[in-house]
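Structure record follows, encoded as structure tokens.
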Amino acid sequence: MAMRGHWQMREMVICARHGALLVPLWTAQHPTARNDLTARLTEILPKILSRDMDGPAAVPTAYDLWLEQRLERGEDPTRLSGHSLYAATTFCRSLGGEVLRIKGHDAADPQTFRHASLAVGFDVVRRGVEAIRDALHDLAAGANGFLNEPQKAFGSLWKEMRDYHQDNEAFEPFADILLGVVLEIWPIAEGAVLLGQKVSHRKLHSVTTAAMALRVTERRLRPLLVEAGIIAADDPRPDSRSVFDAQSHGVTLGVIGSLVTDPQMRRAVGMTEAELRSLEQDGVLQPRTRLPGARLRWLEADGKALVDELNALADTDTGTAKWETIQMAQANSKVAVGRIIAAIRARKIRVRVPAGNASYHGFKVCRSEFGAIE
């Protein structure tokens, strides 16, 4: 019989020299009884001598040989050499167990499953950060349901990292990799605390989180996002998992959240229904959405920018000419509003405005000058 000190390590599950799984010698609930080596060894001595306690045969894996080498000689040629042995072996087991889980591996025999988990996890982890990230993305791909969160995707790996290791500095390199993948997949809000780390900024929005931020329904928002090219029309994912880059699309979301109705646009810019209709027909003002039935179509800033532009072009010397609103001049001359605005911008005709004007309806033109554009 041989007993070796490093066999007491939790993630040591095999004797690589003899090619056999290790087996527990005894179990006892009370610490005093559990630590009474003389009494416990006396109890199991007959089984040891008869070899009834020999573990089942097992072929040493790359993990087993690596661990044996690191424990016996302190040598580690892998990328894990700079990591705590406890953190590295624990992460290998947790990750490998989840990889086996999604492959339908039978976990009926705990020791055999633990051995397989360590081997699979080590094969991933020893290849470095990108291999770990790839494995985590594979796990997440199987959890794409409406309410599926990191706990669903990463199972015991997430639970252990969150509940037992988030305050252990030795696990920080692995926690950083896991957190990075989570932020690439789920729409985590700024300020959320995951694995003991506070999220500094939101990387992703989903249709659901964006709708909540804009205080609109997902049903209304999703078509607008499709129209803007932010998500695909045939994206099969539920609203909570249809994600997009929050930073690059922040301006578009701001526009969507600021859209107003036709009456609101008219009041904000000071124009009649006919004036807004003519400006839209001639492309001078463009609605921000052309979805059928959309009520909120306009951005007030677009209308105000037009008023500011015309104010800057306005002529204060009105002379004795006969002045009329742009819409009235269009009706009387049949010259399209778009052409009139273009002529004003090109300074082919003058535009008059009262002092302090802030409305489109306040602009007036002289129809006798239309010969320059007809």
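Because only heavy atoms are used, hydrogens play no part in the values below, and waters and symmetry mates are left out as well, while side chains stay in. Throughout, residue positions are numbered sequentially from 1 according to the sequence presented.
Across Arg202 and Thr209, no two heavy atoms sit closer than the pair NH1-OG1, 3.8 Å. Between Gly362 and Asn357, the shortest heavy-atom distance links the atoms CA-OD1, 3.6 Å. The two residues Tyr360 and Ile341 make their nearest non-hydrogen contact at OH-CD1, 4.1 Å. Closest heavy-atom contact between Arg17 and Glu72: NH2-OE2, 3.6 Å.
One side chain, Ser156 or Glu98, offers a donor N or O that lies under 3.5 Å from an acceptor on the other. For the 3.5 Å distance criterion, the side chains of Arg222 and Ser242 qualify, holding a donor opposite an acceptor. With 3.5 Å as the limit, one finds a donor-acceptor pair spanning the side chains of Gln327 and Ser278.
Ring to ring, Phe174 and His165 are not that close: their centroids are 6.0 angstrom or more apart.
Once rounded to the nearest 0.5 Å, the distance linking NE2 of His205 with CD1 of Ile231 reads 13.0 Å.
Counting non-hydrogen atoms of neighbouring residues, nucleotides and ligands closer than 6.0 angstrom, the CZ atom of Arg215 reaches no more than 12 such neighbours.
Using a 4.0 Å cut-off between charged side-chain N and carboxylate O, Glu130 and Arg133 make a salt bridge. Between Arg40 and Glu43 a salt bridge is recorded (basic side-chain N to carboxylate O distance below 4.0 Å).
Contact of the Asp64 side chain with the Phe122 side chain is not registered, since no non-hydrogen atoms from C-beta on lie closer than 4.5 Å.
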